[in-house]
Amino acid sequence: MSRIALITGASSGIGKATAQAFAKSGIDLILCGRRKDRLRDLSEEFHHIKTTLLDFDVRDRKDTFKAIESLGSDWQNIDILVNNAGNAHGFDPVDAGDPDDWDAMLDSNVKGLLYVSKAVIPGMVRRGRGHIVNLSSIAGKETYANGTVYCASKAAVEALSAGMRLDLTQHGIKVTNIAPGAVETEFSMVRFKGDEARADKVYAGFDPLRAEDIADSILYAINAPPHVTIADITILAAAQAAATTVYRKG
Ligand code: 8X3
């Protein structure tokens, strides 16, 4: 029987690559994001699986519940939830940080992840099975200068993954925490508010991770045998020794 996965932030980056990897494995997809046109373009790539689209912003609690509750009966038995939506906004010391940036990060990376989970988990508990994959970051394990609030939001994801595992294992639900290092996606363009030169500099002089590398590890975790939980995966670029220790050439 085919599985159903709900992926947030599916319109680009790691979410999109995960959707593509899942589709290749024959997993039916609930693609969630804010940009419906991009979700539609992505779903048109897939011919041999079923897809449905939900466009909502995880930061909006009401919209999040409304969207997930609107799923038809064919889509309600979600086997896999990939909590991928989230971003970094701004790169400043905490005394100079913009509270709007803090709200954006905490509202999506922490509260949005909780809203989506709250909408999906009760069904998993009823069915006695499910798999939740939370996208954390190396930033959740190491705090770096100018990234205080982003790092705090990802440290919260680490705690949520551990806590979900404590609360949900008894219901047959697996929880996997994925902590990527430097992945070249729209991430830095969003962090630096469209400053392309600054964003490019983040990935200059070394070979960064691609979204597909992270999708591979998610696929590995969700395809582990029933008696195995892949609890935590940290993935760094080969030139990256720690969050901000990157060996660059030139
Ligand atoms: C993204 C990784 O190290 O650029 O979550 O913050 S990092």
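We use all heavy atoms of the structure for the numbers below, so side chains are in, but hydrogens, waters and symmetry mates are not. Both counts, for ligands and for their atoms, begin at 1 and track the order of listing.
Leu236 belongs to a hydrophobic cluster whose remaining members, ordered by chain and number, are Ile138; membership requires side-chain heavy atoms of ILVMFWY residues under 4.5 Å apart, directly or through intermediates. In this structure, Tyr115 shares a hydrophobic cluster with Phe65, the cluster being traced through Ile, Leu, Val, Met, Phe, Trp and Tyr side chains under 4.5 angstrom apart.
Contact check on Asp60 versus Lys111 returns no salt bridge, with no Lys/Arg side-chain nitrogen under 4.0 Å from an Asp/Glu carboxylate oxygen.
Residues Phe187 and Phe192 place their aromatic rings such that the two centres sit no closer than 6.0 Å.
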Below 3.5 Å, can you tabulate the donor-acceptor pairs from side chains in residues 81-93 to any protein atom, sequence neighbours excluded?
unit_1	atom_1	unit_2	atom_2	d
Asn83	ND2	Ser117	OG	3.0
Asn83	ND2	Asn134	OD1	3.0
Asn84	ND2	Thr8	O	3.0
Asn84	ND2	Gly9	O	3.0

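A donor-acceptor pair shorter than 3.5 Å can be found between the side chains of Ser12 and Arg35.
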Anything under 3.5 Å between an N or O on ligand 1 and a protein N or O? List each pair with its distance, or write none.
unit_1	atom_1	unit_2	atom_2	d
ligand 1	5 (O)	Ser137	OG	2.5
ligand 1	5 (O)	Tyr150	OH	2.5
ligand 1	6 (O)	Tyr144	OH	2.3

